[in-house]
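Every chain is numbered from 1 and lettered A, B, ... according to where its sequence line falls, protein lines coming before strand lines.
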Amino acid sequence: MALQIFNVLGREKQVFTPLEPGRVNMYVCGPTVYDHAHIGHAKTYIAFDVIVRYLRHSGYNVLYVQNLTDVGHLLDTGEDRVLRRAEQLQALPMQIVETYTRSYFEDMDALGVLRPDISPRASGHIPEQIKMIQELIDKGYAYEVNGSVYFDVTKAPDYGKLSNRRIETQEAGTREAVRGEKRNPLDFALWKRAEPEHILRWDSPWGEGFPGWHIECSAMARKYLGKTFDIHGGGIDNIFPHNECEIAQSECANDAPFARYWVLVGSLTVDGVKMSKSLGNFITIKDALKKYRPEVIRTFMLSVHYSSPVDYSEDAMQAAARGWERLYNAYRLVSQRLDSAPEGTAGEAFVEQVNRARTAFTEAMDDDFRTPAALAVLQEFTREVNSFLNSTVDIGADVLRQIEAVYRELGGGILGIIPKDAVAADSSAEREAALIELLIDLRRQARANKNYAESDRIRDELAKVGVILEDRPEGTVWRTI
RNA sequence: GGCGACGUGGCCAAGUGGUAAGGCAAGGCUCUGCAAAAGCCUGAUCACCGGUUCGAGUCCGGUCGUCGCCUCCA
């Protein structure tokens with residue numbers, strides 16, 4: 001079955017056919033770097049991470065561009081987010097941008113989110129934005145007033161086609177009312193005149209100013225991906241006005257379709273309500289990582305379809321953690337078994353189950369990246385694997401390697417929920433492993449002598465420092481929590 | 001008021017016409033010196049009402065409820 005994607009533009013599931021065979025050009029709206037990233041960002045970017053990983057796994061050559069907004073994204077008070085933060089922290093705007101850009105990548109790296117191929121910054125593409133704005137003015141889609149430039153939404157016939165909004169029915173927002181320069185309330189700023197106190201400013205044909213929020217995406221997408229490209233992603237909360245404005249600007253400036261497939265991710269709530277600083281339920285990725293392993297956070301985010309909203313709660317996270325542990329335990333057992341397994345094809349009948357799992361996984365992912373179904377496939381496969389390992393049949397290294405590959409390639413390579421190595425390989429970890437093995441051997445002797453007080457003491461003491469022992473038919477295995 | 005989602009077993013969550021995946025929790029059992037891990041067994045007619053259909057969580061209409069967006073947000 002071919003890959004199908006639900007295209008928000010048109011609201012239907014479509015077979016995915018890239019513009020150029022074998023190649024996917026993809027743009028995803030990135031964060032505004034004025035504060036630490038929160039778990040909502042984690043949901044969005046984990047979703048696209050898995051999409052990119054799966055596209056690559058499917059053989060596509062993907063060029064993944066995700067911008068960093070560092071200028072022009074205003075608050076409803078009209079203040080620039082970055083500038084306000086700079087004032088609060090007594091720092092230069094670009095220090096703020098640099099600080100939170102690093103923080104963002106730090107968080108994404110920790111979550112195992114692969115970096116985009118290009119992470120262009122808005123402030124680094126002012127000339128490109130000015131050029132596009134000028135094109136829009138020249139073509140009659142935009143007009144200049146007092147050093148600011150606005151896009152005239154009445155000139156864009158399709159304005160509203162992504163979010164199904166009609167211009168006539170929209171009420172004017174509060175911010176529009178503040179500034180009465182617009183011809184229509186819904187017109188949006190392409191360029192804004194900088195007031196004297198506004199530090200982030202650039203020269204332009206219309207005087208000193210700064211770009212509007214939406215134009216950066218249009219300009220940078222065009223620069224790196226071309227006028228028309230395959231996939232545009234982002235959070236559903238930006239469908240209006242941001243995404244809608246992008247389409248209008250780009251299609252009017254380029255006389256060409258903008259993104260062909262729109263993939264938007266559902267929002268995240270915390271305990272049923274929207275996350276906000278005033279409610280005190282604002283959870284940063286760094287907070288979450290203190291409590292949960294990155295693989296668990298990913299498992300949680302992927303347990304719901306990307307387009308659906310998800311509610312973050314301690315209970316749900318606990319459930320995800322337990323579910324993840326079951327997968328990981330099985331993977332670890334397979335790896336450990338492999339260390340001592342005889343070479344050969346013994347137990348090869350199980351390969352059928354391996355192949356079935358691979359096929360089912362692919363079918364799930366081909367159907368609009370249904371990660372919940374893909375996770376269910378791994379869970380069912382894990383039940384089969386556990387039964388297989390617990391059975392009395394001889395198992396050769398060949399089969400074990402195939403099972404391990406399912407976890408590594410599908411669980412690790414695509415979903416990113418299986419760590420690369422079952423056990424860390426640095427020298428202190430090796431030393432720790434050797435010491436644990438020594439204790440396990442002492443305990444083995446105690447058990448042989450039916451000295452259970454001693455054997456239990458060893459197990460309990462190890463448990464206190466986070467090392468869990470499990471007695472299996474083939475010997476005692478250990479894991480850390 | 002407009003746009004858009006959603007309401008499935010105790011909880012989370014799949015499922016877009018043919019008689020309900022998966023995970024967590026719970027109970028019972030098996031294995032174990034005891035554990036741990038694992039396996040097996042046990043449970044829902046899908047908010048409500050009406051309609052289309054041989055047949056509907058699954059399509060249509062309505063009711064109730066929840067949420068998101070329309071103003072900053074991934």
Side-chain angles (χ1 to χ4, degrees), chain A residues 8 11 13 28-32 35 37-48 66 69 73-79 81 160 163-166 168-177 186 213 233-242 244 264-269 272-276 299-300 303-305 307-311 313 315-327 329-330 332-333 360 364 370-380 382-391 447 450-452 455-456 459-460 463 468-473 476-479:
Chain A
V8 177
R11 315 256 169 184
K13 209 181 274 185
V28 171
C29 287
T32 301
D35 202 348
H38 57 245
I39 52 179
H41 293 107
K43 178 185 194 295
T44 299
Y45 299 120
I46 286 170
F48 288 111
Q66 183 192 109
T69 298
H73 196 173
L74 307 184
L75 294 155
D76 52 9
T77 57
E79 286 177 283
R81 287 156 190 280
S163 57
N164 284 332
R165 282 168 216 263
R166 283 172 198 77
E168 317 83 66
T169 62
Q170 297 299 310
E171 291 174 15
T174 49
R175 209 170 78 214
E176 280 77 16
L186 284 179
W213 175 36
I236 188 76
D237 48 341
N238 273 335
I239 189 171
F240 190 90
H242 183 63
E244 205 68 76
L264 301 178
V265 177
S267 301
L268 178 143
T269 52
V273 296
K274 192 169 147 169
M275 184 163 47
S276 75
T299 299
F300 171 72
S303 68
V304 178
H305 187 74
S307 62
S308 298
V310 66
D311 187 49
S313 67
D315 283 353
M317 287 301 293
Q318 283 298 336
R322 294 300 187 79
W324 174 80
E325 279 168 18
R326 184 160 166 277
L327 295 178
N329 283 341
R332 198 158 35 189
L333 276 179
R370 283 175 47 207
T371 54
L375 281 171
V377 169
L378 292 184
Q379 288 287 172
E380 286 181 89
T382 293
R383 174 159 25 82
E384 293 168 349
V385 168
N386 280 322
S387 294
F388 184 54
L389 294 178
N390 289 335
S391 71
R447 294 179 73 211
K450 294 207 187 320
N451 183 355
Y452 295 122
S455 69
D456 287 352
R459 185 172 59 193
D460 292 346
I468 306 299
L469 301 189
E470 294 174 11
D471 296 327
R472 299 183 57 80
T476 300
V477 297
W478 65 276
R479 63 189 165 90

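If you check the side chains of A/Asp471 and A/Thr476, you find a donor sitting under 3.5 Å from an acceptor. A/Arg332 and A/Asn329 share a side-chain donor-acceptor pair at under 3.5 Å.
With rounding to whole Å, A/Ile239 atom CD1 is found 14 Å from B/rU71 atom P. Rounded to whole Å, the distance from CE on A/Met317 to C1' on B/rG23 is 14 Å. In this structure, the CD atom of A/Glu380 is 15 Å from the C1' atom of B/rG39, given to the nearest Å. Whole-Å rounding puts the A/Phe240 CZ to B/rC69 C1' distance at 10 Å. Across the protein-nucleic acid pair, A/His242 atom NE2 and B/rC69 atom P stand 16 Å apart, rounded to whole Å. Protein atom CZ of A/Arg165 is 10 Å distant from nucleotide atom P of B/rC69, rounded to whole Å. As a whole-Å value, the separation of A/Gln318 CD from B/rA25 C1' is 12 Å. Distance, A/Glu470 CD to B/rA37 P: 7 Å, rounded to whole Å.
Of all nucleotides listed (B/rC34, B/rA14, B/rC40), B/rC34 comes nearest to the side chain of A/Asp456. Taking every side-chain heavy atom of A/Asn238 into account, B/rA74 is the closest of B/rA74, B/rA13, B/rG39. For A/Pro372, taking side-chain heavy atoms from C-beta onward, the closest of the listed nucleotides B/rG22, B/rA14, B/rA35 is B/rA14. The side chain of A/Ala373 lies closest to B/rA14, out of B/rC34, B/rA37, B/rA14. Nearest nucleotide to the side chain of A/Arg370, out of B/rG33, B/rA38, B/rA14: B/rA14. Across B/rG33, B/rA14, B/rG22, the shortest atom-to-atom separation from the side chain of A/Arg383 is found for B/rG22.
Where A/Pro309 and A/Trp324 meet RNA chain B, the nucleotide closest to each residue was compared, and A/Pro309 sits on the side nearer the 5' end. With RNA chain B read from its 5' end, the first of the two nearest nucleotides for A/His305 and A/Arg472 is the one closest to A/His305.
In the interface, the side chain of A/Asn164 is not paired with the base of B/rC70 through any donor and acceptor atom under 3.5 Å apart. For B/rG23, the base has no donor-acceptor partner in the side chain of A/Arg326 [N/O atoms by modelled type, under 3.5 angstrom]. At a cut-off of 3.5 angstrom, the base of B/rC12 holds no donor-acceptor pair with the side chain of A/Arg322.
A/Asn386 comes within 4.0 angstrom of the backbone, heavy atoms only, and of no base. A/Asp311 comes within contact range of no nucleotide atom at all, as no heavy-atom separation falls under 4.0 Å. Using a 4.0 Å heavy-atom cutoff across all strands shown, A/Ile468 reaches sugar-phosphate atoms only and no base atom. Among the atoms of the strands shown, only primed sugar atoms or phosphate atoms (P, OP1, OP2) are found under 4.0 Å from some heavy atom of A/Gly30. In this structure, A/Arg11 reaches the sugar-phosphate backbone alone: every heavy-atom distance under 4.0 Å involves primed, P, OP1 or OP2 atoms, never a base. No contact: A/Val265 has no heavy atom under 4.0 Å from any strand. If you check every strand for non-hydrogen atoms under 4.0 Å, A/Gly234 touches sugar and phosphate atoms only. As judged by a 4.0 angstrom heavy-atom cut-off over every strand, A/Leu378 is placed among residues making no nucleic acid contact. The residue A/Leu333 sits apart from the nucleic acid: no heavy atom pair falls under 4.0 Å. Here A/Lys450 lies out of heavy-atom contact (under 4.0 Å) with every strand. Note on A/Asp237: a base of the nucleic acid sits closer than 4.0 angstrom, heavy atoms only. Within 4.0 Å (heavy atoms only), A/Ser307 reaches no atom of the nucleic acid at all.
Between A/Arg165 and A/Glu244 there is no salt bridge, since none of the side-chain N atoms of the basic residue sits less than 4.0 Å from a carboxylate O of the acidic one.
Between B/rG4 and B/rG61, the distance separating the two P atoms is 12 Å to the nearest Å. To the nearest whole angstrom, the two C1' atoms, one in B/rG57 and one in B/rC46, are 4 Å apart.
When both pairing distances are held under 3.5 Å, B/rU42 makes a Watson-Crick or G-U pair with B/rA26. In this structure, B/rA56 makes no Watson-Crick or G-U wobble pair, since no nucleotide meets both defining distances under 3.5 angstrom. Across all strands shown, B/rG68 forms a Watson-Crick or G-U wobble pair with B/rC3, both key distances being under 3.5 Å. Pairing partner, B/rC31: none, since no Watson-Crick or wobble contact has both distances short of 3.5 Å. Nucleotide B/rC48: paired with B/rG62 (Watson-Crick or G-U wobble, both distances less than 3.5 Å).
Residue A/Asn386 comes nearest to A/Ala330 through the heavy atom pair OD1-CB, 3.9 Å, listed as atom of the first residue, atom of the second, then distance. Taking each heavy atom of A/Gly40 and A/Leu268 in turn, the nearest pair found is CA-CB, 4.2 Å.
Ring-to-base geometry does not place A/Tyr45 in a stacked arrangement with B/rA74 (centre distance under 5.5 Å, plane angle under 30° required).
Two residues are said to be in side-chain contact when any heavy atoms from C-beta on lie closer than 4.5 Å; A/Ile239 and A/Val8 meet this criterion.
Its glycosidic angle being more than 90° from 0, B/rG27 falls on the anti side.
At distances below 3.5 Å, at least one donor-acceptor pair connects side-chain atoms of A/Lys43 with backbone N or O atoms of A/Gly266. Between the side chain of A/Ser308 and the backbone N or O of A/Val304, no donor-acceptor pair lies under 3.5 Å.
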